[in-house]
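All remarks here apply to the structure that follows.
FYI, side chains are in, hydrogens and waters are out, and symmetry mates aren't considered; it's all heavy atoms of this structure.
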Amino acid sequence: MPVLPRWVVAVGLAALLLGGGLTFPVAAGAPHGGGGEAVTTGSDGTDCARADVMTQRESPPTVEANQVESATATSDDPAIRTGSADTDRRRPRERGGDTSGAGTVPAASMERRAATSGATQAAEGDVIRQTQTYERVPAEPGEVAVTLAYEIPDRVVDLEAHVPAEATVTGTDGFERVNASVYEWDETADPATIRYRINPNRTIDKSGPEGAEGRYISVDTGEWALLTRSQTPTRWSYIGQDAVGFNRTVETAGPGAAGEEVVYLGEVATFEETAHNQTFTLVVPERATMTTSPIAVLDSMTNASNALRVGDRDEQVFVVAAPSRAVDWGVEGYQIGDADMWVQSRQTLDNANNVWLHEYVHSRQGYKATRETRWTIEGLATYYAAVLTLEQDRIGFEAFQNQLAAGEQPIYSSVALADPSSWTNTANYRKGALVAGRTDIHIRAATDRNRTLQTVFQSLNGYREPVTQAEFLTEVEAAGGATVRNTATTETETTATVTMWNESRHRRLFGAIPARIGYSLPPIERSDAYRVDSVYRSNASVGGSSPIRLATNETLAIDTVVENAGGETGAYNVTLAVNGTVVAAKQGQIEAGARTDVALGHTFVDPGRYVVGVDGDTVTVVVSEPAAARVTDIEASPRELRQGGRVAVTATVANDNDIPGATTVEFRRDDVVFAQEQVRLPPQTTTTVTRTVTLDDPGPVSLSAGDGTTATTADVTVSTEPTPTPTETTAGTRTTGGEGDGFTALAASLAVLLAALVARRRTQ
């Protein structure tokens, strides 16, 4: 600490004398439920990247997260007190092991979002205001520029700021350099600033259920960056008994978004939902592709907020959907500070290993753990992520059971959870989750479901000091009794084998498994489950292969699958979406364990390529204008006739396409249309159309059928001779009428015979 100017000392002494004496304030303790827990990494690493800022606070953070910093009297001058902020190292409660490098990851941001800490009791003018502003450096991928600015009140007589050890300082205004990373305020500028650059690329040695294929936990790709803010320890001296507060704001100089700890630099869309005294902000970068809709993620988190009655609700929850495939991330999710986190955008909600909820549960763990209770951090987060997902009807009991039963594996037979040195293969996640669940079961059974593990969780969040094993067991006993405590002691302190409970016990102690209704499309191979109706075809099967091909104005009907995997009858509401927009829906009741088909349909008016979906299940439909059917042959009958005769003209029309076809067949006589017929055909079909025409003029006649552009012709001949009346008898001809050739011949014969008879009588 530099020697203070004499005027400062004089002013300080005068203030003390006028104030009636000298008091020495006690350093503010760290209230439980504040900054979470900083933990050491076990021999196996860990797997859920969680880092915490361990700052001392007197009250829960506001939107600006004001926090009480330490305030002590200096040893050489009782008139001067000191304060500090951001001095505790943030260490990951990992989902993937230790972060490489010293210190903490730098940060970046977008819209101005407060991320601050300071003395809530300080007057408006007695707060040091620190602003960290982050900006990409496009010309230097892998570098982020940071401007650290301080507004300092009059009562502060000295201030020193620390920048990250690996930072490159590019300029200062109002600060003098003390050493490579420490700068002292020289009172010449307001605000006083330090400008530096950092390399945000940070890696992690991962392991565990949420570990990813790569290693990065913080990165600048050159086009965007996702990182956590720089830790910038600040210490100051001031005059007066009331503490000088500290307020930190994190923001960006360009597009992006910032929470208190996590910052994204680049174009984003922001979604927000407020429920249960928490505001959830979900930032979806332009570069990210969400597997689950942002609204569904927010709904799931707010549902979990309501379900977890354990205290330590932060007013602001800040979540970034990290672009999944653009970077080789080392973890699936990362939670830091009070309630900031990022989760890979590809993560889904319908998974027992629900990373979105896992990270959220971490934000509700306000207690600090000792070495013996460290397993509870990941054990409780893994257990509650699974049970909350089950209760939200996103998974069935089997998936939930399999997630926890992983803790039964022989690899954990030598693990005692209270002894991290015995952990193997992420035992704190696997065996820890199973033991957490068993403790929940035991408490429920002992109290007739009046108390649960949440009772213990809430009590732990009330501890101001790190929770010891004895304190943990005391809270278990307070919730469930001595027998439950003894069981918890055995399952956490020894290598005793633990087993997963069955569904009937779960149903009895958690209540009946509710209706768990899911929706899906039928397999495309079920051709009859996809049908089409139109002027071209009726109730025709069109499944069998993808894409499904239709003509405009055809109606596709799909037998959507509705299934209730739960334990109670429930109401379903199945919807059909086209390109993300719901176009049809049906509601009804479905019994437990039942499966049914519900037909939903949509008429496609315009040509285009469409994605038809049911609850995330999709099939592609390609709609085109009807194909052009064509006349392939023509036949005229008869080919020779007399004047005034009639000819039947038959056209063969074919559609050789994979979609319905249509054409207007024009029948012509010597290029003059005498008839038209609109023909519509299903794919790969042929039909015939016949029209007759009377031909009055003698001579050759050209008859044709076509679409008006091309035609197929047939020639016939019309005779001028009148129609003869035959007089000869045709041998073997028989008639059934009184007219015709047969009757005339018979009359002639009779006349000849009669004449002969008359002549004979005359000669006699």
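In this structure the side chain of V343 never reaches within 4.5 angstrom of the side chain of Y360, judged on heavy atoms. Q469 places a side-chain heavy atom less than 4.5 Å from the side chain of L473. Between E471 and E475, the closest side-chain pair of non-hydrogen atoms is not below 4.5 Å. The shortest distance between side-chain heavy atoms of L404 and W501 falls below 4.5 Å. Inter-residue side-chain proximity for R346 and E332 is flagged as met; some heavy-atom pair is nearer than 4.5 Å. Looking only at side-chain heavy atoms (C-beta outward), F472 and W375 come within less than 4.5 Å of each other. At a threshold of 4.5 Å between non-hydrogen side-chain atoms, the residues N351 and I395 do not count as touching. A heavy-atom distance below 4.5 Å is not found between the side chains of T279 and E315.
Of the charged side-chain nitrogens involved, none lies within less than 4.0 Å of a carboxylate oxygen, so that R364 and D314 do not count as a salt-bridged pair. A salt bridge links E491 with R438: the distance from a Lys NZ or Arg NE/NH1/NH2 to an Asp or Glu carboxylate oxygen falls below 4.0 Å. Using a 4.0 Å cut-off between charged nitrogen and carboxylate oxygen, E408 and K431 do not count as a salt-bridge pair.
A tilted orientation is assigned to the rings of F457 and Y384, their planes being inclined by 30° to 60°. Classified by interplanar angle (parallel below 30°, tilted 30° to 60°, perpendicular above 60°), the ring pair Y334/W342 is parallel.
Atom CZ of R451 has 12 or fewer heavy atoms from other residues, nucleotides or ligands within 6.0 Å.
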TODO: Carefully, step by step, assess F280 and F318 under the rule ring pair (Phe, Tyr, Trp, His ring centres under 6.0 Å).
DONE: CA-CA 6 Å; F280 294 80; F318 182 78; over 10 Å; no

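Listed here is the closest heavy atom pair of P164 and I198: CG-CG2, 4.4 Å.
A cation-pi geometry, defined here as NZ or CZ lying under 6.0 Å from the six-membered ring centre and within 45° of its normal, does not hold between R449 and F510.
Annotation: the span from S218 atom OG to I204 atom CD1 amounts to 11.0 Å, rounded to 0.5 Å.
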